[in-house]
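Quick notes on the structure that follows.
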Amino acid sequence: MIFEIAQIEVKPGKEAEFEQGVAKAAPLFKGSKGCHGMRLLKSIEQPTHYSLVVTWETLEDHTVHFRNSDAFQQWRALVSDCFAAPPNVGHVTEALIGF
């Protein structure tokens, strides 16, 4: 498993609209090849800062299959107007599970 972590800065006042857009997009992720889950985390200290964490079977499931799909275009249409800047996206794997 790999985890996509997208750091997203939302325009002030667009937080509720962004969260609704992500909720509407959940089925798009769920139906995508190799997607095992997604969650949206909101910063307490910076309420316009979010982390979208998506679990993928392989890196290619995200970077090739999802990014080249209609689902990706629909996802971006639902939320991109809320972005203050392009998302910063990276991929990680588990190095250690403490407990």
Side-chain angles (χ1 to χ4, degrees):
M1 292 295 166
I2 64 136
F3 301 92
E4 166 199 359
I5 302 175
Q7 302 295 328
I8 302 169
E9 191 67 32
V10 173
K11 295 173 189 169
K14 293 276 195 175
E15 297 90 345
E17 181 182 337
F18 175 69
E19 291 175 23
Q20 291 167 2
V22 175
K24 289 178 185 176
L28 300 171
F29 285 91
K30 187 174 184 178
S32 295
K33 179 183 185 321
C35 188
H36 290 268
M38 62 89 79
R39 68 181 63 184
L40 183 66
L41 308 174
K42 183 175 183 174
S43 172
I44 294 169
E45 293 82 8
Q46 299 173 315
T48 58
H49 184 82
Y50 292 83
S51 296
L52 177 70
V53 181
V54 185
T55 307
W56 298 97
E57 186 74 29
T58 67
L59 181 63
E60 292 76 19
D61 285 337
H62 174 231
T63 61
V64 176
H65 303 295
F66 183 68
R67 286 239 178 121
N68 292 314
S69 71
D70 289 337
F72 178 76
Q73 298 303 321
Q74 293 173 49
W75 148 247
R76 290 306 285 259
L78 285 167
V79 297
S80 63
D81 286 345
C82 298
F83 293 165
N88 182 4
V89 180
H91 300 90
V92 299
T93 60
E94 286 182 341
L96 172 80
I97 299 174
F99 59 91

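Both backbone and side-chain heavy atoms feed into the values below; hydrogens, waters and symmetry mates do not.
Linking Ile, Leu, Val, Met, Phe, Trp and Tyr whenever their side-chain heavy atoms come within less than 4.5 Å leaves I5 and I8 in two separate clusters. Residue V22 is grouped with residue F72 when hydrophobic side chains (ILVMFWY) are merged at heavy-atom distances under 4.5 angstrom, including chains of intermediate members. Taken together through direct or relayed side-chain contacts under 4.5 Å among Ile, Leu, Val, Met, Phe, Trp and Tyr, V53 and V92 form part of one hydrophobic cluster.
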Which side-chain N or O atoms in residues 25-41 pair as donor and acceptor under 3.5 Å with protein atoms at least two apart or in another chain?
residue : atom : partner : partner atom : Å
S32     : OG   : L28     : O            : 2.7
K33     : NZ   : D61     : OD1          : 3.3
H36     : NE2  : E57     : OE1          : 2.5

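Taking every heavy atom of both residues into account, A6 and V89 meet most closely at CB-CG2, 3.9 Å. When every heavy atom of Y50 is checked against every heavy atom of T48, the shortest pair comes out as CD1-O, 3.8 Å. Here the shortest heavy-atom pairing between L59 and I2 reads CA-CD1, 3.5 Å.
Note that CZ of R67 and NE2 of H62 are 4.0 Å apart. Values are rounded to the nearest 0.5 Å.
In this structure, K42 does not pair ionically with E15, as no charged nitrogen and carboxylate oxygen lie closer than 4.0 Å.
The number of heavy atoms from other shown groups lying within 6.0 Å of CG (N68) is above 12.
Side chains of H49 and E9: a donor-acceptor N/O pair is present below 3.5 angstrom, by distance only.
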Exercise for the section: Mind running side chain to side chain contact (heavy atoms under 4.5 Å, CB included) on F83 and K14 for me, showing each step along the way? Expected result: CA-CA 9 Å; F83 293 165; K14 293 276 195 175; over 6 Å; no
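Note: W56 and F66 meet the aromatic proximity criterion, with ring centroids under 6.0 Å apart.
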